[in-house]
Structure formats: structure tokens, C-alpha cells
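FYI, side chains are in, hydrogens and waters are out, and symmetry mates aren't considered; it's all heavy atoms of this structure. Chain identifiers are assigned alphabetically (A, B, ...) following the order of the sequence lines, protein sequences preceding nucleic acid strands; residue numbering begins at 1 within each chain.
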2 protein chains.
Amino acid sequence: MGRLKEFDQDKAIDGAVDCFWARGYEATSVRDLAAHMGIGGASLYNAYGGKRALFVAALERYANRSSRERIARHEAAGQPRQAIEAFLAEIIDRSLKDRARKGCLLVNSALDVAPHDAEIGKVVAGYLEEIRAFFQRNIEAARRAGQVPRDIDAAGVSAHLLGILLGIRVLARTRPDRALLDSVVRPALDLLNVPAISKA
Amino acid sequence: MGRLKEFDQDKAIDGAVDCFWARGYEATSVRDLAAHMGIGGASLYNAYGGKRALFVAALERYANRSSRERIARHEAAGQPRQAIEAFLAEIIDRSLKDRARKGCLLVNSALDVAPHDAEIGKVVAGYLEEIRAFFQRNIEAARRAGQVPRDIDAAGVSAHLLGILLGIRVLARTRPDRALLDSVVRPALDLLNVPAISKA
DNA sequence: AGTTTTTTGTAGCGAACGCTCTAGAATGAT
DNA sequence: ATCATTCTAGAGCGTTCGCTACAAAAAACT
């Protein structure tokens, strides 16, 4: 058949993710990528085709290992309302601990790359839609379980929560302040509260 | 004194704004800038010092002509609640009409440039804070006028609205869909509603 | 007019860019 | 062992990057 690849392909693509995540698409050079991936330039082109194709691969890797992993983890407990709240709480926690202020690769790409590359734009939009669908799915499940108001608009609130999520990830990169980020989310979580017997 | 500048400085800086706005900081070259500004490279360096200094100048120009202008325009009518609602409605309208999907230069910079440049980061954070302060100021005025609930948390809701605004501008660049963006905003605007006599 | 100061166009600096070429090393098939 | 195939390392392709040196041009001073 031919010579076998010598490098660890998982470690390599993770290195690419780290590069694009930290610096963005344009500001990351092929030499940076190869160095962090632990391979030579020729191997990079042989294995991935080029910078743009590698970026698409890195996006998918990130989606699988970060975004979808988080969704699956929070959804596994079968507590839909808790899943939504814990999901958002984790985003805030991670944003505050994120000393390098890397944010979320998908959100960064939505602003950086997607508007200038229709194909990548669709990929990113698809990943964001997965997050919105996670919200909607769990709102509906929580409604069936009586954990949220009966008349809640699952589709509408899921879009609202996606917007909140994007806002947090942007704001955290310029002002990673716990009180501020909590304030962004709080009214959204209040939407999930079953209204108490009115005190008006 | 010496020879006078031959180019229109306002048109030049507007050209720079357009470049950075459309393509971002890294992806915009000094040659692109000079061409769109209608000047030569030497004049650019003579007048602005360099790419980064020009970017800071372009940011300030954008803040004055776009962000602050919009704030002042909506606040001028003296209808604080209406100012908030119209402000957000205008953002959505502009995002949907924005065929090039340029979004907002301040928001783009918050994700692109700010995390990698502390000084510019503070500048951007300052501009975003101006928007949040606009929200808070008008929430408080609306409360005094009885247009919003008496017990509203002006600071907290202003942060929420800023988050919503950022989320819209990100989402609009990958999925400029009217129904989606309206759904993001609606629950936030509901916070401003004076609760009716309870129907629970 | 002559001097000084600033702006302008051109040309080009060294460095980095994405990418490719080439020679050789490492594999499975014959 | 030989072959065909694949992968790797290094050099280097042409281009573009941010920026600067230089001299001509244009203004305000004496």
C-alpha cells in the first residue's frame, strides 16, 4: 500500500483546533498550524489538502468534541429544565475561566469566517442550529414534565436562548465579568419559571 | 507651514471604516485601505501612523457616526421605553437589509481584535458600555414615567439587553432571518411590560 | 525669490504568506 | 529482492504583507 502516517491524527487535528480557536482563521498561518500539529507542511497538505479544508475539519472536530459533547452530557440526565440551566451556567463558568479569552470557536467563526465563505457559513449555521434545537427539545420536554409554564413558546424561547448564548460569548471576550454575564442570562431563565399564584 | 493635505480626511476615514467593517482587521491590507481611502500609502502613514492606529481612528469614527448617533437619535424624542424598543427594532431591520452581512464594526471588533489587543479591547469595551448605559438610563426614565414595571432591575435588564443586541448581531451574520431575530428579542421586550392584573 | 516644512507618488525593503516541488524513507504487494 | 505506493523533510516557488526611503511638488514663512 505505501508508507503509514507517522503522526497522531487526533492530536494533529486538536492542534489545528487550538490554533484556529486562539487566533482565528486569517491570523493563523500554515506554519503555525504545522508546528502545533507536530507535522511538516508537506504532511499537512497531503493529509488535509490545505488551510481552508483543514479549518473545516477543525470545525467539525470542535463541534463533536465541544459543542455536541456538552449537549449530550447535559441532556443525559433526563432533567430537561436542569439541562438548559446547567448548560448556560457552564458556558458562563468556562468563559470566566478562559484566561486566553478564546471564546467559542463556532461563535468566533460565525463572525469571522462565515460571512465571507458561504459554504463554511452553512456549516456554522448548522452547528448553531443544533444548539437551538437542543434548547427547544428540552423546553418541550420540560413542559411535558410541568417544569416550565404550560403556554411557553418553545421555538421562540429557544431562539432567545441561542441569542443569549451568542451574546455571552461575545461579551465575555471583552468584559469577562461574572455579575454582568449573570445579568444577561437571568431574565432568560426566569422565562422557565412556572408563575407563582399572582401577587399583583 | 508646509504643503496642505490634498485628500478629504472625512471621506478617507470613512473609506477605512468601510474596509475594516467589511473584512475585519487582519484581512484588510494597507493597500486595500489606501485604495478605498483615495490616497497613497505614504499619505496613510503620514496622516495616521500605521494600520493599527488607523483602525483605532476608524473605530472612533464608527462609534461617533453609527453607535452614538443611533443612541442620540432614539433618545432625542424623550420617550424612554419607545427609545429602547425602536433601537432594537432598528438593529434588526438593518441586519436584515445588510446584504454584505457586515454586521456591527464594534461587535466584530469585540470578537476579532479586542481579545488580542488589550488597548483596543478597552476601547471596544467602552463603546459597548455606552450602549448598556443607554439601556439603563432609559429603563430608569421609563420607570419614573410608569412605562415599565416599578420593580424592574435597570442595571440587570440593561446587561440583558446588551447581550441580546450582541447575540442578534452575531446571529444575523450567519442566519439573517426575521422570525428568528424577532424571537430572540421578544422575551426581552416583554420584561418592559407592566404586568396586567393577573389572569392566573 | 529663497527657505523651510509638509505632503505626495514611486519604488522597494525584509519578512511572512499559502502552497508545491523534489528526493528520499517507509510500507504492502509481487 | 523488486516494485509501486504513500508519507516525510526541506527548500523554495511567486505573491503579498506592513512599512519606509527618497525626491519631487506645494504650501507658508522671511
Could you tell me the separation between the CE atom of B/Met37 and the C1' atom of C/dG9, rounded to a whole number of Å? 16 Å

Rounded to whole Å, how long is the line connecting atom CD1 of B/Ile39 with atom C1' of D/dA25? 17 Å

Nucleotide C/dG18, atom C1' - distance to OH of A/Tyr25 in whole Å: 9 Å

For atom CZ of B/Phe7 and atom C1' of D/dA25, their distance in whole Å: 16 Å

C/dC19 phosphate, OP1 or OP2: any side-chain N/O from A/Tyr45 under 4.0 angstrom? yes

Sub-4.5 Å side-chain heavy-atom contact between A/Glu85 and A/Glu90: no

5' priority, DNA chain C, between A/Arg52 and A/Gly2 [closest heavy atom]: A/Arg52

Under 4.0 Å between a side-chain N or O of B/Ser43 and OP1 or OP2 of C/dT8? yes

Whole-Å distance, A/Asn46 CG to C/dA23 C1', equals 15 Å

Is there a side-chain hydrogen bond (donor to acceptor under 3.5 Å, both in side chains) between A/Asn108 and A/Arg23 once you walk through the steps? CA-CA 10 Å; A/Asn108 301 351; A/Arg23 287 181 282 280; over 6 Å; no

Among C/dG24, D/dG18, C/dT7, the one nearest any side-chain atom of B/Arg31 is D/dG18

Residue closer to the 5' end of DNA chain D, B/Val30 versus A/Gly41 (nearest nucleotide): A/Gly41

Between B/Phe87 and B/Phe135, is the ring centre distance below 6.0 Å? yes

Protein-nucleotide distance (B/Arg3, atom CZ; D/dA27, atom P), rounded to Å: 8 Å

Rounded to the nearest Å, what distance is computed from the NZ atom of residue A/Lys5 to the C1' atom of nucleotide D/dT5? 13 Å

Using five base pairs at each end, measure the axis-to-axis angle across the helix from C/dA1-D/dT30 to C/dT30-D/dA1 and round it to 10 degrees. 0°

Salt bridge or not for A/Glu130 and A/Arg137, using N-O below 4.0 Å? no

Pair B/Arg178 + B/Asp182: basic N to acidic O under 4.0 Å: yes

I'd like to know if the side chain of B/Asn138 pairs up with that of B/Glu75 as donor and acceptor (distance under 3.5 Å, no hydrogens or angles considered). yes

Let me know the distance between CZ of A/Phe55 and C1' of C/dG18, rounded to the nearest Å. 16 Å

Min side-chain heavy-atom separation A/Tyr25-A/His116 under 4.5 Å: no

